[in-house]
Amino acid sequence: MTELQSQSTTNADVPAPWLAELRETHAEEACTSLSLDAATLVASLGLGDSLTIAAGAIPFVREGHLSKRALEKSAGADIAAHCRELLTLFDLSLPGQWLPGEQLPAAQAEALRRMLLAVVNDYRLVIVRLALQLAELRLARNDDVETQRMLARDTREIFAPLANRLGIWQLKWELEDFAFRYLQPDDYKTIAKQLDERREARERYIADVKVELSSLLTDAGIEAEVSGRPKHIYSIYKKLKRKNASLDDLFDIRAVRIMVNTVTECYTALGIVHNKWSYIKQEFDDYIANPKGNNYQSLHTAVFGPEGQPLEIQIRTFDMHNQAELGVAAHWRYKEGGPSAGAFEQKIAWLRQLLERDDAGSADMLDNLSDGVFDDRVYAITPRGDIIDLPAGATPLDFAYQVHTQIGHRCRGAKANGRIVNLTYKIANGDRIEIITGKEPAPSRDWLSPKSGFLASGRSRTKVRSWFREQDKDLNRKQGREHLERELQRMNLRDIPIAKLAEQMGFESTDAMCIALGVGDITAASVFNAAQKLIAPPEAEAVPKQKRSRRHKPTGRGAVSVDGTDSVMTHFARCCNPVPPEGIGGYITQGRGISVHRLNCKSFLRLAEKNPERLIDVSWRSDDQARYPVTIRIEAVDRNGLLKDISGVLSDEGVRILGNTSRVSRKTLQAIVTLDTEVDGLDSLSRAMTKIAQIPGIGKVERQS
């Protein structure tokens with residue numbers, strides 16, 4: 001990430017005269033120093049003028065010297081928007097109950113790091129947040145110990161690992177060293193004293209080695225890129241602890257990396273290095289011939305370089321380097337350890353590649369960054385400040401079950417950012433969710449239906465099913481039977497033989513099916529699908545039929561084929577209004593053509609018994625454009641906007657309203673709404689009725705015969 005590693009200047013000019021004036025007239029010295037340092041850091045990272053100005057302005061906004069309105073008026077909408085998102089990032093920190101010295105659970109630190117990337121539209125703001133954190137750490141040199149430790153704990157657990165993942169080494173090493181200095185001052189001073197030269201001297205040493213190696217490789221006809229870095233104090237401390245060694249035993253306090261095009265050139269470069277300086281035999285590793293378990297490949301050697309100082313040198317191809325930095329051998333995962341999270345790692349790699357591009361500040365690149373990079377997860381905050389990692393589309397119920405199973409079972413309501421929300425509310429990144437619980441567990445079977453929108457997580461639905469399974473089987477059987485009868489009645493499928501329905505679904509008995517429905521192992525939707533198969537034609541013996549020999553073109557509303565009759569008018573009988581794939585039959589009327597009924601329609605069965613000679617075969621045609629009349633009856637508590645909510649649901653589901661009637665009881669305030677509609681099939685009708693039933697105040701929804 002060479003573009004992000006240019007040396008910062010100490011007196012960078014920030015292109016904002018109003019900001020310079022503010023520094024001179026309205027703020028104390030500490031705020032001004034923080035503003036200057038933050039802006040200088042962001043400018044050195046090449047992130048653009050608008051982010052540089054935002055970084056310089058944010059300390060004044062946070063301290064109350066500059067209002068958001070005044071900022072927008074003075075600096076413009078873009079910079080004001082940057083500052084608003086940065087304030088959101090400053091609100092994200094470690095849980096309030098966490099104390100310095102305690103080990104933060106790895107999952108919490110990881111969730112907070114991911115959340116920092118997910119809550120902003122412009123991911124460069126995360127880098128600005130890292131720069132501001134470093135500026136605060138620098139300024140805290142003269143602060144009290146408690147302030148230093150509070151800053152350092154966030155830095156070590158959250159910001160330094162994030163800088164590492166994004167490959168911003170310029171910030172990463174300094175963040176780590178300041179956190180080490182404030183949290184472990186004695187260990188820091190011990191190592192600092194053992195180093196016999198200042199960091200600036202080690203950096204000059206590395207620069208001289210790079211020049212010398214580049215010259216040697218060029219003379220040998222090898223096209224190479226040489227980079228280097230002196231090991232910083234916290235990294236030295238970690239290695240000493242890991243190896244239980246002394247400073248004299250470390251040979252990589254100064255390190256250089258050589259990258260070439262081919263494997264052959266790797267070994268040629270190794271020979272050049274060993275011919276130039278004496279190598280330390282026990283420090284040579286050939287990870288090209290013998291890759292690490294994570295497929296990491298590189299040559300590692302240590303030599304006594306100029307002035308006899310130990311020097312580590314790594315040699316690899318550019319492809320090996322890309323694999324190490326962005327692939328399964330990613331350096332940050334090796335350093336941090338812990339389980340793999342493949343999808344998130346791919347996004348981090350993708351983000352790092354974008355940050356390394358020359359056009360890192362361009363509008364096209366920012367559009368790409370904002371286009372769903374982290375959209376498959378959302379991160380919500382508990383009242384205690386813990387971060388909960390959830391799948392995209394998660395609801396407060398998912399949140400409750402993720403916090404604790406019993407909280408999910410006892411959930412009765414929820415608040416998002418202090419406001420009461422429905423349990424089907426879709427959580428957004430950064431939402432503070434509070435769950436309202438009852439004394440006793442009382443999950444609802446409606447939570448198990450994916451169409452209901454209560455739960456987005458399969459894991460949460462499994463917990464609900466387990467709760468129902470543990471309840472008394474007799475209760476499950478009873479509730480499952482009631483649920484089944486209610487759904488069949490609602491869809492006007494009362495005449496379906498329950499035993500045949502259980503057989504169709506693969507159950508040994510009706511009781512077994514009801515228990516499964518009561519527990520939640522199956523849903524009303526799966527029962528409905530099985531019922532569709534039972535009622536779908538052919539139903540050869542459902543009613544007496546008169547055989548005909550010829551088949552003619554479909555007539556009527558374009559959805560029914562008539563057997564053995566010339567083109568005649570057809571219409572759907574209003575007594576039952578059949579909808580595919582329900583089994584249907586035709587009856588030849590006097591003067592009105594053929595009326596089409598459901599096979600189990602009571603009127604049709606009476607007509608069949610009285611005049612069997614008038615029966616005729618009809619069947620559904622395959623017609624994606626066909627629509628069918630259905631009457632829906634709704635009982636609800638009367639309120640303003642009720643019809644608007646109902647019509648909105650029907651519109652979303654593509655159900656056309658042909659007419660409606662409604663009446664309201666002044667005594668009970670109960671509204672009865674009857675809707676004449678057109679649907680494209682039984683499945684869309686079922687979806688629409690399910691969603692209407694979820695509207696607040698709706699008591700009953702059923703298809704009317």
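Index from 1, following the sequence.
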**OP:** Please lay out, stage by stage, how Tyr237 and Gln184 fare under the test side chain to side chain donor-acceptor pair (under 3.5 Å).
**Re:** CA-CA 11 Å; Tyr237 168 77; Gln184 299 168 259; 3.0 Å; yes
**OP:** Mind running side chain to side chain donor-acceptor pair (under 3.5 Å) on Thr395 and Asp398 for me, showing each step along the way?
**Re:** CA-CA 5 Å; Thr395 66; Asp398 287 302; 3.2 Å; yes
Original post:
Checking side chain to side chain contact (heavy atoms under 4.5 Å, CB included) for the pair Ile233/Phe180: CA distance, chi angles, key distance, verdict?
Top reply: CA-CA 8 Å; Ile233 293 178; Phe180 181 43; 3.7 Å; yes
**OP:** Output, in order, the C-alpha distance, side-chain angles, deciding distance and verdict of ring-ring contact (aromatic ring centres under 6.0 Å, His included) for Tyr279 and Phe284.
**Re:** CA-CA 8 Å; Tyr279 70 94; Phe284 174 72; 7.2 Å; no
Original post:
So Ile258 and Leu299, side chain to side chain contact (heavy atoms under 4.5 Å, CB included) or not? Walk me through it.
Top reply: CA-CA 10 Å; Ile258 300 171; Leu299 296 174; over 6 Å; no
Subject >> Check against side chain to side chain contact (heavy atoms under 4.5 Å, CB included), Val226 and Val209 >> reply: CA-CA 9 Å; Val226 183; Val209 169; over 6 Å; no
**OP:** Go through the steps for Arg153 and Arg149 under the test side chain to side chain contact (heavy atoms under 4.5 Å, CB included), then give the verdict.
**Re:** CA-CA 6 Å; Arg153 63 163 195 159; Arg149 290 177 67 82; over 6 Å; no
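With Arg412 contributing its side chain and Arg410 its backbone, the two residues share a donor-acceptor pair below 3.5 Å. At least one donor-acceptor pair closer than 3.5 Å links the side chain of Gln148 to the backbone N or O of Ala140. Asn417 places no side-chain N or O within 3.5 Å of a backbone atom of Asp431 that could act as its donor or acceptor partner. In this structure a side-chain-to-backbone donor-acceptor pair under 3.5 Å is present from Tyr182 to Leu137. Put simply, the side chain of Asp285 never gets that close to the backbone of His300: no donor and acceptor are under 3.5 Å apart. Although no hydrogens or angles enter the test, the distance criterion places a donor-acceptor pair under 3.5 Å between the side chain of Arg141 and the main chain of Arg138.
Annotation for Arg459: atom CZ does not count as buried by contact number, only 12 or fewer foreign heavy atoms lying within 6.0 Å.
Ile436 CD1 to Ile420 CD1: the interatomic distance, rounded to the nearest 0.5 Å, is 3.5 Å. Rounding to the nearest 0.5 Å places NZ of Lys210 at 11.5 Å from CZ of Arg257. Between Asp177 atom CG and Leu134 atom CG the span is 10.5 Å, to the nearest 0.5 Å. One distance of note links NE2 of His321 with CD of Glu225; it measures 7.5 Å at 0.5 Å rounding. Atom CE of Met150 sits about 12.0 Å away from atom CD of Glu136, to the nearest 0.5 Å. The distance from atom CD1 of Ile427 to atom CD1 of Ile381, rounded to the nearest 0.5 Å, is 11.0 Å.
With contacts defined as side-chain heavy-atom distances shorter than 4.5 Å, the pair Gln133/Leu151 qualifies. Residues Phe399 and Ile407 are not in side-chain contact: their nearest non-hydrogen atoms beyond the backbone lie 4.5 Å or more apart. Annotation: side chain of Val403 is not in contact with side chain of Ile435 (no heavy-atom distance under 4.5 Å). For the pair Val421 and Ile433, the minimum side-chain heavy-atom distance is 4.5 Å or more. Contact check for Leu311 versus Ile206: side-chain heavy atoms found under the 4.5 Å cut-off. Two residues are said to be in side-chain contact when any heavy atoms from C-beta on lie closer than 4.5 Å; Ser298 and Met320 fail this criterion. Side-chain contact between Pro306 and Glu212: present, with at least one pair of heavy atoms (C-beta onward) separated by less than 4.5 Å. Looking at Asp37 and Leu139, their side chains never come closer than 4.5 Å, going by heavy atoms from C-beta outward.
Ala380 and Leu390 make their closest contact through CB-CD1, 4.4 Å (heavy atoms, listed as atom of the first residue, atom of the second, distance). Residue Gly393 comes nearest to Ala456 through the heavy atom pair O-CB, 3.4 Å, listed as atom of the first residue, atom of the second, then distance. Closest heavy-atom contact between Ile388 and Thr382: CG1-CG2, 3.6 Å. Pairing each heavy atom of Ile127 with each of Leu171, the nearest pair is O-CD1, 4.3 Å.
The aromatic rings of Tyr401 and His409 stand perpendicular to each other, their planes meeting at an angle above 60°, with 30° marking the opposite boundary.
Side-chain N/O atoms of Arg316 and Tyr296 include a donor and acceptor closer than 3.5 Å.
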